[in-house]
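All remarks here apply to the structure that follows.
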Amino acid sequence: MSAPPVSSTVLSFEDARRVVEEQAALVQACATEFVDLLAAAGRVLAEPVAADRDLPPFPRSTRDGYAVRSADLSQLPATLDVIGEIKAGENLDRIPPNIGNCQAASIMTGAPVPAGADAVVMVEYTSQRGKQVEITRNVVPGENIVPRGAEARGGAPLLGRGLRLNEAAIALAASVGKSRLQVYKRPRVAVLTTGDEIVDVDATPGPTQIRNSNSYSLAAQIGQAGGEPVLLPVAPDELQGLRRLIEDGLTSDLLLLTGGVSMGRYDLVEQALAEMHAEFFFTGAKIQPGRPVVFGKCGKGAPAREGPATYFFGLPGNPVSTMVTFELFARPMLESLAGESPRNLIFLHARLRKEIRIKTGLQRFLPAILSGEFERSEVELVAWQGSGDIAATARANCYIVIPPDRECIAAGEWVAVMMR
Ligand code: AMP
Ligand code: MG
C-alpha cells in the first residue's frame with residue numbers, strides 16, 4: 001500500500017493561484033434549486049433574467065416639477081398654462097394627451113411624462129399661481145426624463161448565470177417580477193482538522209492541548225463564500241485513522257484539511273493522500289503565512305483512483321495560515337463549485353503608516369488595521385506573534401500584501417491591502 005514520497009512542488013503565489021484557477025475552470029457547478037427572492041441574496045444565479053417589458057415602461061420624470069416644451073423657455077421668466085397634475089402611478093385617462101405650446105403639467109418624480117413635453121423643470125425654479133406657473137430656469141430637451149426603454153428594452157438580458165446576487169441584482173429581479181430564482185445549490189465542503197493535540201470547543205483542554213479553532217474559522221469562511229460546511233471529527237496524527245476520515249471527506253464536493261502538511265514527523269496528510277493515489281498540483285507556495293499549503297485531487301471510492309475525483313486543499317494548521325490560504329486558494333475553487341463566474345482577486349491600496357522591514361523571498365499577507373476615510377486611509381501592521389496568533393488577527397481588519405522582492409517599505413508608501 002505504501003506510496004512513493006510526494007515530490008515537492010513549491011510555486012510562487014501567482015503560479016499557485018493560476019493553477020487553482022485553471023482547475024476551478026474545469027469543475028462542474030452543483031445542481032440547481034429554486035429559492036424565494038427574499039432568500040436569494042448571496043446565492044449564485046443559475047438562470048438568465050431578462051426584462052419583462054421596457055425599463056422604464058414609460059418616459060419617467062426624475063424630478064418633481066413641471067413637464068414642459070423646452071422651446072417655450074427661451075425667454076425667462078416664462079409663464080405657462082398648467083393643464084393637469086400627474087402623480088406617480090397616475091391613471092392613463094387622467095394624463096393630458098398632449099402638452100401644447102405654452103402649456104405645462106405639474107408632475108411628480110416617477111410619473112409618466114405626457115406627449116408633447118420634452119423636459120421637466122424642477123419645482124425649485126417655478127412658482128404656481130392659480131392655473132399658471134412662472135418658470136425662471138430653462139431646460140435642454142430630455143432634461144430630467146428617462147426615455148421609455150432607456151435602461152433596458154423588453155426581452156433584453158439583465159442578469160446572467162454565474163452572478164452572485166447582491167442587493168442591486170435582487171432589486172433588478174424584483175423589478176422584472178421574478179419572485180423566485182433558480183440558483184445553484186451550495187457546495188458541501190468537508191472540513192477535516194488533524195492533530196493529536198486538538199480538542200473540541202466544549203472539551204476542557206489538558207495542559208498541552210489546544211481547542212480546535214480552524215474548523216470554526218473555516219466554517220465561517222465557507223459559509224461566506226457560498227458553501228455549506230460539513231465538519232468531520234478531528235483526525236489523529238496516525239495514518240489509518242486519518243485515511244478513514246479523508247475517505248469520508250472525499251464524498252463531499254470539496255475537502256479542506258487543516259494541519260499535518262508541514263515537515264514534522266507527524267505531518268501525515270500528504271502521505272495519507274499519496275497512498276490513496278491523489279494527484280498533487282502543488283505542495284507549497286512562496287507565501288507567508290501558509291507556505292506548506294497543498295492542492296490536489298483524489299478519487300473517491302475503492303480503489304480511490306477509479307472513482308470520480310474530489311479536489312482537496314491541505315491548509316497549514318497555524319490558524320492564521322488556515323484563514324489566509326483559504327482566501328487565496330480554496331475560495332476560488334469553492335466559488336466555481338458554487339457556479340460563480342471567475343473573478344479577480346482585488347487588492348485595495350492604502351498608505352502605510354509605519355515602516356515595514358521584512359526578509360525577501362515570500363509574498364506576505366500580514367494582519368493589519370486599515371483606518372481613515374477617503375484619501376486619508378492608512379494601514380498599519382498589528383503586533384503579532386506569528387501565524388499562530390489568533391488574537392492579533394481578530395484585532396485586524398485586513399492583510400497588507402507585500403511582494404516577495406521587498407525588504408523595506410517606507411511609511412507613506414502605497415501598499416496593497418486584502419480585505420477580510
Ligand atoms: P500543523 O500544521 O499540524 O503542524 O500545526 C501547526 C500549528 O497549528 C500547531 O501549533 C497546531 O497546534 C496548530 N493547529 C493545528 N490545527 C489546529 C486547529 N484545528 N485549531 C487551532 N490550532 C491548530
Ligand atoms: Mg499537526
Side-chain angles (χ1 to χ4, degrees), residues 5-6 8-10 16 189-223 227 229-246 248-249 252 254-275 278 280 282-296 312-330 362 364-367 384-396 420:
V6 181
S8 153
T9 313
V10 180
V189 183
V191 177
L192 178 52
T193 273
T194 70
D196 287 338
E197 77 280 28
I198 310 295
V199 299
D200 202 12
V201 187
D202 291 325
T204 307
T208 58
Q209 292 180 317
I210 57 161
R211 293 193 182 92
N212 176 10
S213 64
N214 289 346
S215 294
Y216 294 90
S217 60
L218 282 174
Q221 288 174 293
I222 290 165
V230 180
L231 267 52
L232 297 174
V234 176
D237 288 322
E238 167 269 310
L239 274 172
Q240 225 185 345
L242 183 56
R243 278 194 54 166
R244 224 183 14 252
L245 285 165
I246 291 177
D248 277 359
S252 290
L254 178 65
L255 167 62
L256 303 183
L257 300 111
T258 87
V261 288
S262 305
M263 299 298 286
R265 192 171 301 151
Y266 299 99
D267 289 326
L268 300 172
V269 163
E270 282 165 75
Q271 189 184 335
L273 282 156
E275 286 181 8
F280 292 88
F282 56 79
T283 59
K286 291 179 192 155
I287 58 171
Q288 196 258 332
R291 191 176 188 282
V293 61
V294 173
F295 173 44
F312 63 83
F313 290 89
L315 308 180
N318 263 316
V320 188
S321 310
T322 306
M323 293 180 224
V324 168
T325 50
F326 176 90
E327 276 315 303
L328 297 178
F329 303 117
L362 299 174
R364 315 272 175 163
F365 297 87
L366 303 179
W384 75 328
Q385 302 298 320
S387 47
D389 192 343
I390 310 176
T393 308
R395 283 196 300 276
R420 49 186 289 249

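Since the structure is predicted, the reported quantities are computational estimates derived from the model, not experimental observations. Just follow the structure's listing: the first ligand is 1, and inside any ligand the first atom is 1. Reckoned from all heavy atoms, side chains included, excluding hydrogens, waters and symmetry mates. In this chain, numbering begins with 1 at the start of the sequence shown.
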Show me which atoms of ligand 1 lie under 4.0 Å from any heavy atom of [X].
X      : result
Ile210 : 12 (O), 21 (C), 22 (N), 23 (C)
Gly259 : 1 (P), 2 (O), 3 (O)
Gly260 : 1 (P), 2 (O), 3 (O)
Arg211 : 20 (N), 21 (C)

(message) Does the residue Ser213 have a heavy-atom contact with ligand 1, meaning some pair of atoms that are separated by less than 4.0 Å?
(response)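 So Ser213 counts as touching ligand 1.
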With backbone taken as N, CA, C and O and side chain as the heavy atoms from C-beta onward, which portion of [X] lies under 4.0 Å from ligand 1: side chain, backbone, both, or neither?
X      : result
Thr193 : side chain
Ile198 : side chain
Asp267 : side chain

(request) Using modelled atom types only, decide if a donor and an acceptor are shared between the side chain of Thr283 and the backbone of Thr9 within a distance under 3.5 Å. (result)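 Judged by distance alone, yes, a pair lies under 3.5 Å.
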(request) Out of Asp200, Asn318, Leu268, indicate the one that has the non-hydrogen atom closest to atom 7 (C) of ligand 1. (result)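 Heavy atom nearest to atom 7 (C) of ligand 1 belongs to Asn318.
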(request) Can you figure out which of Gly195, Gly317, Pro292 has its heavy atom closest to atom 8 (O) of ligand 1? (result)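 Shortest heavy-atom distance from atom 8 (O) of ligand 1: Gly317.
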(message) So for ligand 1, is Glu197 a polar contact partner (N or O within less than 3.5 Å, distance only)?
(response)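 Yes, since at least one N or O of Glu197 sits under 3.5 Å from an N or O of ligand 1.
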(request) Output yes when Glu327 and Arg420 qualify as a salt bridge under the 4.0 Å nitrogen-oxygen rule, no when they do not. (result)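 So Glu327 does not pair with Arg420 through a salt bridge.
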